[in-house]
Every structure is written in structure tokens, then in C-alpha cells.
There are 2 protein chains.
Amino acid sequence: MAEEMLDALDRAGVRLTGPRRKLAALIERREGHFTAADLLKDAGRRRMGIGRATVFRLLELLSEQGLVERIDLPDGTHAYIPCEPTHHHHLVCLNCGATTDVDDCGIEAVTREAARRSGFKIEQHRLELFGRCPDCRSAN
Amino acid sequence: MAEEMLDALDRAGVRLTGPRRKLAALIERREGHFTAADLLKDAGRRRMGIGRATVFRLLELLSEQGLVERIDLPDGTHAYIPCEPTHHHHLVCLNCGATTDVDDCGIEAVTREAARRSGFKIEQHRLELFGRCPDCRSAN
DNA sequence: AGCACATATGATACCGAGTATCAATAATGC
DNA sequence: GCATTATTGATACTCGGTATCATATGTGCT
Ligand SMILES: [Zn+2]
Ligand SMILES: [Zn+2]
Ligand SMILES: [Zn+2]
Ligand SMILES: [Zn+2]
């Protein structure tokens, strides 16, 4: 999956630098969603001398390529989720942070109806589902 | 609508102070979504000596009462929308900021299906629709 | 392999949203 | 009216994210 990111970066015409490779590897090892600070801490612990700015810059790049998506958790914090570059939504565990993709979002019907009633032309939508993953359900 | 807010604050058992009344009135005069900074600027322009913290504190109170909802705009900024304290979603104009409520969100079916497939127990969802309002569509 | 050039890096400083603190002030209940 | 207690606003702070810029490093060309 780090491979995938590096490929995408290559295709995007940016350089495959050391820090980017290292960070991609770190992202790969992550489970569930993570924050920029999490990544930075990962890098710090391993004494890779990676700068704050570099982390944010890479996250933005990956986000442009759709390989990472930024979500807003219910508590207001921003987190990132590695994912496929196609339209889909996320199911996020409120307890452990695990995420799953929901690809067939049947909300096209919902948006169509909302558009009809309001007169708006709907251009994008954002749907996020929060709950408890199977593990956390049984663990409790 | 400022009335409504003040009533709710009263019911919530907090004091109906001068700053809160003034801010409620300012919120009433706003159209579309607004940021904490917008409100603060409104207050500043009118030389009400209202402190930064007070604005954030009131927005949080109103948010707890469901009279204002915080949304995350696609550009990453946080904005507030005055609204009814019932479950519903927002349709936001990307051009002028106008908002409408979408109350019958037919996504219960979507969440049920996602829950079935994933094994998650879904506890909350967030749906935001973005587009162009009728005015902005015809104006262009 | 070596070079030239443009891009990327990290240190630092900076910005803006939001929060903690706390002495001074004002709303409420009696 | 007065005592009590919540609220206020000034100030200082935290934290996510960005601008700047001299230095380092990938990349394409030879
Ligand atoms: Zn979980
Ligand atoms: Zn969708
Ligand atoms: Zn809903
Ligand atoms: Zn509009």
C-alpha cells in the first residue's frame, strides 16, 4: 500500500524522496485513522529527522491523489484515513478508530430528492458513519 | 429566532446576560453560515465590548441545545448554522453560503445496509450536501 | 558516473481557532 | 437591596497548519 502511494506520487510528477518513502511506510503500518501528530510522533520515535512541514505536505499530496482522506471526527479533531481513490464513504469506530469503506453509497436518491425540493444543484456530498466495530462490540 | 435561543438558554438554566442577548441578536441578523470570527467582527464593529471567549462559549452552549450546528466546509473551515433542534442535515451553497435543511434524510436505509455488511453498530451519522442555491444558479 | 537545475527539505517564525486562568462584574433568588 | 454564584473579558497559552528561506537531494541529461 506504500507502493501504491509512491506510484501515485510518481504519476503525479513529484519526486520520490527519502522522507516521502519513509512516511509512506509509516502510514502503511498504521491501523485505523491517524492524525498528522501521530505520524510525526511515529517518525520522531524512530529518529528519522522528518520535519513537521514535510508531514503536512505529504498528507496534502496524498489527499489530492485520493489515497488518503481527511475526516472530521465527532469530537472535532481532524484525522486521516488511507483509502482507495474512488468515491466512497467511511464507517469509523468511535472506540478504536478502525475504519471500513462503504462504497455503494445509496444516497444518490437522497441527494436527488433534496435537490428537487430545494432547487439547489448538488455538487458534492459528505457522508460519515460512526459507531462500534465488531471487535469493540464483543469486547464489551 | 433570537427569542428562541434565549428561551432555550433559560430552559437550560444558564443566565440571560447582556452579552448573550446581544450575540443572539447578531446571529439572528446573519444569513447563511458564519464563523466565530464573523460574529466577533460583527460585535466589534458595533463597539459592543464582547470578548473572544464569550463568543466561543455562547456558540458551544447553543450547539449543546441544538440551536446552532457546526459544520465543516469543504475548504476545511468551521462554520455555524442556526437551526432547529431536531435531527436533520444541511444543504450548503458553495457560492454564497446559504443553507437549507433537509429533514427527511432517507439514509436510514443506507446506514442499515452498511451496518449489515460491516458488522458495525452505527450510532451516528453526518451527511452534508454542497452545491449551488437557486439564486446563485440563475445569477450566473 | 557526473552535473546542473529544479524541487523538496527542515528550522524557524508565524497565524488563527479554540481554551485555561482569574480578578472584576453582573444576574438571580431571597 | 444584598449575598451568592455564574459570567465576563483580558491575557496568556496550546495546537493544527502555513509561509519563508537557506540548504540538501532527486532527476534528466551527457
Ligand atoms: Zn473498534
Ligand atoms: Zn457518496
Ligand atoms: Zn440523518
Ligand atoms: Zn447561493
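Chain A is the first sequence line, chain B the second, and so forth, proteins listed ahead of strands; every chain is numbered from 1. The structure presented is a predicted model; accordingly, all values stated were derived computationally and were not measured.
No donor-acceptor distance shorter than 3.5 angstrom exists from the side chain of B:R126 to the backbone of A:L129, with no hydrogens or angles considered. Side-chain atoms of B:R137 come within 3.5 Å of backbone N or O of A:G119 as a donor-acceptor pair.
With hydrogens and angles ignored, no donor-acceptor pair under 3.5 angstrom links the side chain of A:R52 to the base of C:dG10. Donor-acceptor pairing under 3.5 Å, judged by distance alone, is absent between the side chain of B:R15 and the base of C:dT28.
Within the 4.0 Å cut-off from OP1 or OP2 of C:dG10, not a single side-chain nitrogen or oxygen of A:R20 is found. Contact check, B:H78 against C:dG18: a side-chain N or O comes under 4.0 Å of OP1 or OP2. Within the 4.0 Å cut-off from OP1 or OP2 of C:dA17, not a single side-chain nitrogen or oxygen of B:T35 is found.
Looking at heavy-atom distances under 4.0 Å, A:G49 makes contact with sugar-phosphate atoms alone, never a base. Backbone-only engagement by A:R70 is indicated by non-hydrogen atom pairs under 4.0 Å involving sugar-phosphate atoms exclusively.
Computed from coordinates, the A:L40 CG to C:dA11 P distance equals 10 Å when rounded to whole Å. Distance NZ (B:K22) to C1' (C:dA26): 12 Å, rounded to an integer number of Å. Following rounding to the nearest Å, A:D10 (CG) and C:dA8 (P) show an atom-to-atom distance of 12 Å.
For the atom pair CD1 (B:I107) and NE2 (B:H125), the distance works out to 3.5 Å, reported to the nearest 0.5 Å.
Each of B:E60 and A:G18 was matched to the nucleotide of DNA chain C holding its nearest heavy atom; the match closer to the 5' end belongs to A:G18. Comparing B:R57 and A:I50 by the nucleotide of DNA chain C whose heavy atom lies nearest to each, the residue mapping closer to the 5' end is A:I50.
A:H33 has its side chain within reach of A:V92: a pair of non-hydrogen atoms, C-beta onward, lies under 4.5 Å apart.
Looking at B:R117 and B:E113, a side-chain N of the basic residue comes within less than 4.0 Å of a carboxylate O on the acidic one, giving a salt bridge. Note on A:E28 versus A:R30: no salt bridge recorded, every NZ/NE/NH1/NH2 to OD/OE distance being 4.0 Å or above.
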**Item:** Criterion side chain to side chain contact (heavy atoms under 4.5 Å, CB included) on B:F34 and B:I27, from CA distance to verdict
**Value:** CA-CA 9 Å; B:F34 60 89; B:I27 291 176; 4.0 Å; yes

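In 5' to 3' order, the nucleotides of DNA chain D bounding all contacts with chain B (an atom under 4.0 Å from a heavy atom) are D:dT5 to D:dG9.
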